[in-house]
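Lettering of chains follows the sequences in order, A, B, ..., and the numbering in each one begins at 1. Side-chain atoms are counted along with the backbone in the values below, which use heavy atoms only and exclude waters and symmetry mates.
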Amino acid sequence: MNWPTTAAEAIAVQEELREQVDRSDHGRAPRFVAGLDVQYDGDRLAAAVVVLEWATLAEVDRAVVPGTTKFPYVPGLFAFREVPALLDALEQLTSTPDLLVCDGQGVAHPRRFGLASHVGVLTGIPAIGVAKTAFVGTHADPASARGSTAELVLDGEVVGAVVRTQDGVKPLYVSVGHRVSLPTAISHTLHLSPRYRLPETTRAADRLCRDAL
DNA sequence: GCGACAG
DNA sequence: ATCTTGTCGC
């Protein structure tokens, strides 16, 4: 695969691929869910993917690959920094997940094509974005109880939801990546976060690439 | 113009 | 992402 080098090229790629994003549901509840994350140390990086069984959240597969940064962090072009390494890691899996949980935004993005949408479109696998902080949009503060949500609005369009995964803790920013509806993305996020603020998928992937560096 | 800005 | 101490709470 050939990756863009300049911001202009990267934006052109996003404008092209954004048309393929599907914001609707497909199929039944997932059986295997993957968490994706990347860790950095200077120019070196480690990309990790951990697959959990949906029903038990027990780990069934994992892959972590080393790499080097080939694109700077630019708000709005974040995916070009992580996607190449994440695709490498996905190829190393012996199983095929049917839901990808990405550490960042999906369509809650200036051009509606954040990391989760990028990974989803390139793999064809349903994907959702679960970010720890806001990137774009305005929203009300969701009620303090676990499960409470608030719409994330950008240019008059609902691009995601602010979701409280635990009582009284900072909410997460959930958005559609690809082939999953927003209500389903919210439901999935809550299922994957039975005890902590972050989904178990994200926690597992974060641990793996952190240890790998 | 100024500030904000996923990881 | 990373730089960084102590502190409150289970």
Side-chain angles (χ1 to χ4, degrees), chain A residues 3-4 7 10-11 13-14 17-18 21 34-50 64-89 100-122 127-139 144 146 150 152-155 157-163 165-178 182 185-186 189 194-199 201-213:
Chain A
W3 299 98
I11 290 173
V13 169
Q14 292 181 327
L17 296 179
R18 60 180 289 184
V21 173
L36 289 63
D37 194 24
V38 177
Q39 204 69 214
Y40 300 88
D41 178 29
D43 285 343
R44 296 187 313 124
L45 61 79
V49 180
V50 178
V64 58
V65 301
T68 55
T69 56
K70 284 149 186 165
F71 204 93
Y73 169 68
V74 179
L77 301 180
F78 173 56
F80 295 94
R81 190 171 169 76
E82 305 209 331
V83 169
L86 289 174
L87 293 182
D88 286 345
L100 305 178
V101 180
C102 300
D103 200 353
Q105 319 288 345
V107 300
H109 176 278
R111 288 171 291 282
R112 312 298 192 272
F113 199 70
L115 175 66
S117 295
H118 208 135
V119 172
V121 166
L122 292 188
I128 66 175
V130 180
K132 296 180 285 295
T133 61
F135 178 36
V136 294
T138 58
H139 63 86
S144 63
R146 164 181 156 82
L152 181 61
V153 179
L154 178 64
D155 301 327
E157 176 195 356
V158 175
V159 296
V162 185
V163 181
T165 54
Q166 295 299 325
D167 292 353
V169 303
K170 273 176 45 177
L172 297 179
Y173 294 77
V174 178
S175 57
V176 168
H178 186 50
L182 181 57
I186 294 170
T189 298
R195 171 146 192 214
Y196 301 105
R197 175 182 180 236
L198 297 177
T201 38
T202 301
R203 287 165 46 78
D206 182 78
R207 251 177 291 128
L208 178 55
C209 55
R210 194 177 293 275
D211 291 346
L213 278 184

Counting only side-chain N and O atoms of [X], is one of them less than 4.0 Å from OP1 or OP2 of [N]?
X	N	answer
A:Gln39	C:dT2	yes
A:Thr133	B:dC5	no
A:Tyr73	B:dA6	yes

Can you check the [X] [atom1] to [N] [atom2] distance for me, whole Å?
X	N	atom1	atom2	answer
A:Tyr196	C:dC10	OH	P	15 Å
A:Leu115	B:dA6	CG	P	13 Å
A:Lys132	C:dT2	NZ	P	10 Å
A:Tyr40	C:dC3	OH	C1'	18 Å
A:Leu213	C:dT2	CG	P	8 Å
A:Leu152	B:dA6	CG	P	13 Å
A:Arg44	B:dG7	CZ	C1'	18 Å
A:Tyr173	B:dC5	OH	C1'	13 Å

> Side chains of A:Gln14 and A:Arg111: do they bring a donor and an acceptor to under 3.5 Å?
Replying inline: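 Their side chains do contain a donor-acceptor pair, which is all the 3.5 Å distance test asks for.
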
> Which word best sums up how the rings of A:Phe80 and A:Phe71 line up, parallel for under 30°, tilted for 30 to 60°, or perpendicular for over 60°?
Replying inline: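 Tilted: the ring planes of A:Phe80 and A:Phe71 meet at 30° to 60°.
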
>> Please verify the inter-ring angle class for A:His118 with A:Phe113; under 30° counts as parallel, over 60° as perpendicular, anything in between as tilted.
In response: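 Rings of A:His118 and A:Phe113: tilted, as their planes differ by 30° to 60°.
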
> CG/A:Asp103 to CD/A:Glu82 distance, rounded to the nearest 0.5 angstrom?
Replying inline: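 If I round to the nearest 0.5 Å, the distance is 7.0 Å.
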
> Run the salt bridge (charged side-chain N to carboxylate O under 4.0 Å, His left out) check on A:Lys70 and A:Asp43 step by step: do they pass?
Replying inline: CA-CA 8 Å; A:Lys70 284 149 186 165; A:Asp43 285 343; over 6 Å; no

> Under the 5.5 Å and 30° test, is A:Phe135 stacked on the base of B:dA6?
Replying inline: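 The base of B:dA6 is stacked with A:Phe135 (centres under 5.5 Å, planes under 30°).
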
What nucleic acid atoms does [X] come within less than 4.0 Å of, heavy atoms only: base, sugar-phosphate, or nothing?
X	answer
A:Gly76	base
A:Leu77	base
A:Ala108	nothing

